Amino acid sequence: MRHAAVSIDLDGLGCYYRIHALGTPPAELEHVILERALPRAAALFASRKLHVTWFVIARDIEHAPNAERMKTLATAGDELGNHSYSHPYELARLSAPQVDNEITRAHQLLSKLAPIRGFRAPGYDVSPAMLDTLARLGYRYDSSVFPAPGYYAAKAAVMAGLAALGRPSGAVLTNPRALAAPADPYRPSMTAPWRRGQAPMVELPVAVTPWTRVPAIGTSLLVAPAWLRTRLVAAMGKREFFNLELHGIDFADAEKDGIPGELVERQPDLRIPIDDKLDRLDRVLDDVAQRWPFATLGEVAAEVQRER
Ligand SMILES: [Zn+2]
């Protein structure tokens with residue numbers, strides 16, 4: 001098994017407002033990521049004939065034009081994945097019936113557009129209750145584990161800073177046990193998803209480099225200088241699988257899309273013009289393509305399920 005897979009979490013602007021404790025974004029920007037950023041991402045992947053996995057917050061497709069957009073991509077050969085119904089960052093801390101409701105409700109809505117086989121938890125926080133629901137729905141994979149201690153530490157620092165200012169972040173720290181999880185695909189334990197076990201579905205961890213476990217995800221690749229981008233991809237070369245995770249916001253342009261300054265101030269990636277970001281990502285994809293053949297997460301999961 002040697003593959004790279006590109007996935008894009010379609011978190012709306014409201015998610016970032018919650019993380020940075022900014023309240024709610026202007027109403028007219030509710031769907032800006034799907035309306036303006038997603039078409040740019042789709043055009044880049046189509047130009048490379050690259051099929052990707054879009055993790056959709058199901059509530060967003062209750063807005064008919066969004067459902068239409070996602071259906072068009074699925075028809076063209078992309079995979080759609082379940083990113084919960086309403087993206088609660090605290091999903092792993094909710095009761096089992098609440099977790100089941102979030103995932104099942106999303107599954108029902110998304111299944112109207114395409115077959116759904118995979119899940120990514122909001123904020124990378126997977127829990128045993130989530131795996132129970134995924135098993136019941138017959139999912140092939142979960143792709144939520146992100147074993148990156150540096151990322152965890154940075155997030156904890158930002159959250160502590162906001163809390164000290166009396167403006168608690170909407171983000172939630174993942175269970176620290178997940179930091180020691182395997183970084184290559186594995187069959188998780190149903191009762192401790194960050195450990196190996198006998199679950200019917202497989203876990204496809206989000207990319208971190210070998211040894212140092214530096215995140216090799218879109219946002220960190222986009223803000224890194226060129227030499228570091230190349231080094232990160234080269235370091236990943238030792239891994240059999242490169243699960244390259246991007247976010248819809250990586251394809252936003254602060255100026256062209258009218259993203260408010262209060263958010264741009266807090267997200268360095270939003271200060272890079274879209275043409276630069278597209279160019280950087282194109283070069284990252286060139287580098288990745290030299291080392292791994294691309295597949296969707298669903299295809300990778302099917303192969304891992306057969307092998308282990
Ligand atoms: Zn998300």
Side-chain angles (χ1 to χ4, degrees), residues 5-22 24-25 29-34 37-38 41 52-63 66 69-70 73 78-94 98-99 102-103 105-107 109-110 116 118-127 130 133-134 139 141-148 151-152 154-155 158-159 169-175 178 193 203-208 215-222 243-252 259 263 266-267 269-270 297:
V6 174
S7 59
I8 308 92
D9 301 355
L10 292 172
D11 298 17
L13 222 51
C15 297
Y16 299 93
Y17 267 66
R18 262 188 283 162
I19 289 175
H20 298 293
L22 290 170
T24 37
L29 293 177
E30 187 185 352
H31 297 297
V32 69
I33 298 297
L34 273 84
L38 175 118
V52 301
T53 304
W54 305 93
F55 283 103
V56 185
I57 301 172
R59 189 168 62 182
D60 289 338
I61 61 162
E62 288 174 339
H63 181 61
N66 286 340
R69 282 183 188 100
M70 297 323 302
L73 291 170
D78 285 354
E79 180 189 15
L80 305 187
N82 183 334
H83 197 32
S84 80
Y85 173 73
S86 68
H87 205 268
Y89 282 106
E90 70 284 11
L91 188 60
R93 298 177 186 193
L94 300 182
Q98 286 172 305
V99 168
E102 268 287 330
I103 298 177
R105 198 169 167 196
H107 179 73
L109 281 165
L110 290 164
I116 308 298
F119 175 74
R120 176 165 291 148
Y124 311 108
D125 204 3
V126 65
S127 70
M130 292 182 206
T133 296
L134 301 185
Y139 274 30
Y141 70 93
D142 172 71
S143 180
S144 308
V145 164
F146 186 35
Y151 172 86
Y152 181 92
K155 182 166 158 184
V158 169
M159 287 173 65
S169 166
V172 172
L173 274 180
T174 53
N175 186 325
E203 175 62 42
L204 303 177
V206 171
V208 294
I217 62 171
T219 314
S220 48
L221 287 167
L222 287 177
N243 186 0
L244 176 56
E245 184 216 26
L246 301 161
H247 284 87
I249 203 167
D250 295 332
F251 298 89
I259 311 285
L263 188 59
R266 288 164 175 86
Q267 297 254 146
D269 48 293
L270 282 173
L297 287 174

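Counting starts at 1 for both ligands and their atoms, in listed order. Since this is a predicted model, take the numbers as computed values, not measurements. Starting from 1, each residue takes its place in the sequence as its number.
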With no hydrogens and no angle check, just 3.5 Å: does a side-chain donor-acceptor pair link Ser143 and Arg120? yes
So His31 and His63, would you call those rings parallel, tilted or perpendicular, with 30° and 60° as cut-offs?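 Parallel, since the angle between the ring planes stays under 30°.
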Take the Zn ion (ligand 1) and tell me which protein N, O or S atoms are nearer than 2.8 Å.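 Within the sphere that stays under 2.8 Å of the Zn ion (ligand 1), the protein atoms of type N, O or S are Asp11 OD1, Asp11 OD2, His83 NE2, His87 NE2.
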To the nearest 0.5 Å, how far apart are [atom1] in [X] and [atom2] in [Y]?
X: Thr24; Y: Leu13; atom1: OG1; atom2: CG; value: 11.0 Å
X: Gln267; Y: Asp250; atom1: CD; atom2: CG; value: 9.0 Å
X: Ile259; Y: Tyr16; atom1: CD1; atom2: OH; value: 10.5 Å

Could you note down all residue pairs passing salt bridge (charged side-chain N to carboxylate O under 4.0 Å, His left out) where residues 78-94 supplies at least one of them, sequence neighbours left out? none
